[in-house]
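Report on one structure; see the data block that follows.
Being a predicted model, the structure only gives us computed values, none of them experimental. The analysis underlying the following values was restricted to heavy atoms, covering all of them including side chains, and did not include hydrogens, waters or symmetry mates.
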Amino acid sequence: MSKWFVYMVRCKDETLYTGVTTDLERRVKEHNGEIKRKGAKCTQARRPVELVYSEGFQNRSVAQKREAAIKKLSKEEKEGLVEN
């Protein structure tokens, strides 16, 4: 069972935000302001967000490396991940 997830959410302005978490449902709620915890500043003005992509990993280190790799992709390449 995966403990860490890399995810992308699509904001209302069609931008994609990439992050890592151990709980996808909770994290999306945080981004949407439904839970009073830290949500990313860049998604606060772009709500609502929708989960459009996720990958599971066994540990944080591998998940963060994948997150960094995804963040280096072009918008078109990220959209390709979302479509598949």
Quiz prompt | Shortest non-hydrogen contact between N59 and W4, atoms and distance | solution = C-CD1, 3.5 Å
Quiz item: For E25, does the CD atom have more than 12 heavy-atom neighbours from other residues, nucleotides or ligands under 6.0 Å away?
Solution: no
Quiz item: Should I70 and V82 be counted in the same cluster of Ile, Leu, Val, Met, Phe, Trp and Tyr side chains packed under 4.5 Å apart?
Solution: yes
Quiz item: Taking a hydrophobic cluster as the set of Ile, Leu, Val, Met, Phe, Trp and Tyr residues connected by side-chain heavy atoms closer than 4.5 Å, whether directly or through intermediates, do L24 and V9 fall within one such cluster?
Solution: yes
Quiz item: So how far is it from T43 OG1 to R27 CZ, rounded to the nearest 0.5 Å?
Solution: 7.0 Å
Quiz item: Within a radius of less than 6.0 Å around NZ of K41, do more than 12 heavy atoms belonging to other residues, nucleotides or ligands occur?
Solution: no
Quiz item: Going from OG1 on T21 to CD on E30, what distance comes out if it is rounded to the nearest 0.5 angstrom?
Solution: 7.0 Å
Exercise. Tell me, with the steps shown, if K72 and E77 meet salt bridge (charged side-chain N to carboxylate O under 4.0 Å, His left out).
Key: CA-CA 10 Å; K72 291 179 183 177; E77 291 169 319; over 6 Å; no
Quiz item: Between T15 and D13, does any side-chain donor sit less than 3.5 Å from a side-chain acceptor?
Solution: yes
Exercise. Look at the side-chain heavy atoms of Ile, Leu, Val, Met, Phe, Trp and Tyr, link any pair under 4.5 Å apart, and say whether V62 and L73 land in one connected group.
Key: yes
Exercise. Please assess L16 against E79 for the test side-chain contact (heavy atoms from CB on, under 4.5 Å), listing each intermediate value before the final yes or no.
Key: CA-CA 9 Å; L16 291 170; E79 291 291 350; 3.8 Å; yes
Practice problem: Taking all non-hydrogen atoms of both residues into account, name the closest pair between F5 and T22 and its distance. | Solution: CE1-O, 4.0 Å
Practice problem: For E55 and R66, work out which heavy atoms get closest and say how close. | Solution: OE2-NE, 2.8 Å
Quiz item: For atom NZ of K71, is the number of surrounding heavy atoms from other residues, nucleotides or ligands below 6.0 Å larger than 12?
Solution: yes
Quiz item: Below 4.0 angstrom, N of the basic side chain to O of the carboxylate: do E67 and R60 qualify?
Solution: no
Exercise. Considering non-hydrogen atoms only, spot the tightest contact between R10 and K75 and give its length.
Key: NH1-NZ, 4.2 Å
Self-check item: Minimum heavy-atom distance between A63 and V6, given as atom pair plus value
Solution: O-CG2, 3.1 Å
Self-check item: Spacing of Y7 atom OH and L51 atom CG [to the nearest 0.5 Å]
Solution: 9.0 Å
Quiz prompt | Hydrophobic cluster membership, V28 vs L81, 4.5 Å side-chain cutoff | solution = no
Self-check item: hydrophobic_cluster_shared for Y53 and F57, side chain cutoff 4.5 Å
Solution: yes
Quiz item: So, does N32 use its side chain to make a donor-acceptor pair with the main chain of E34 at under 3.5 Å?
Solution: no
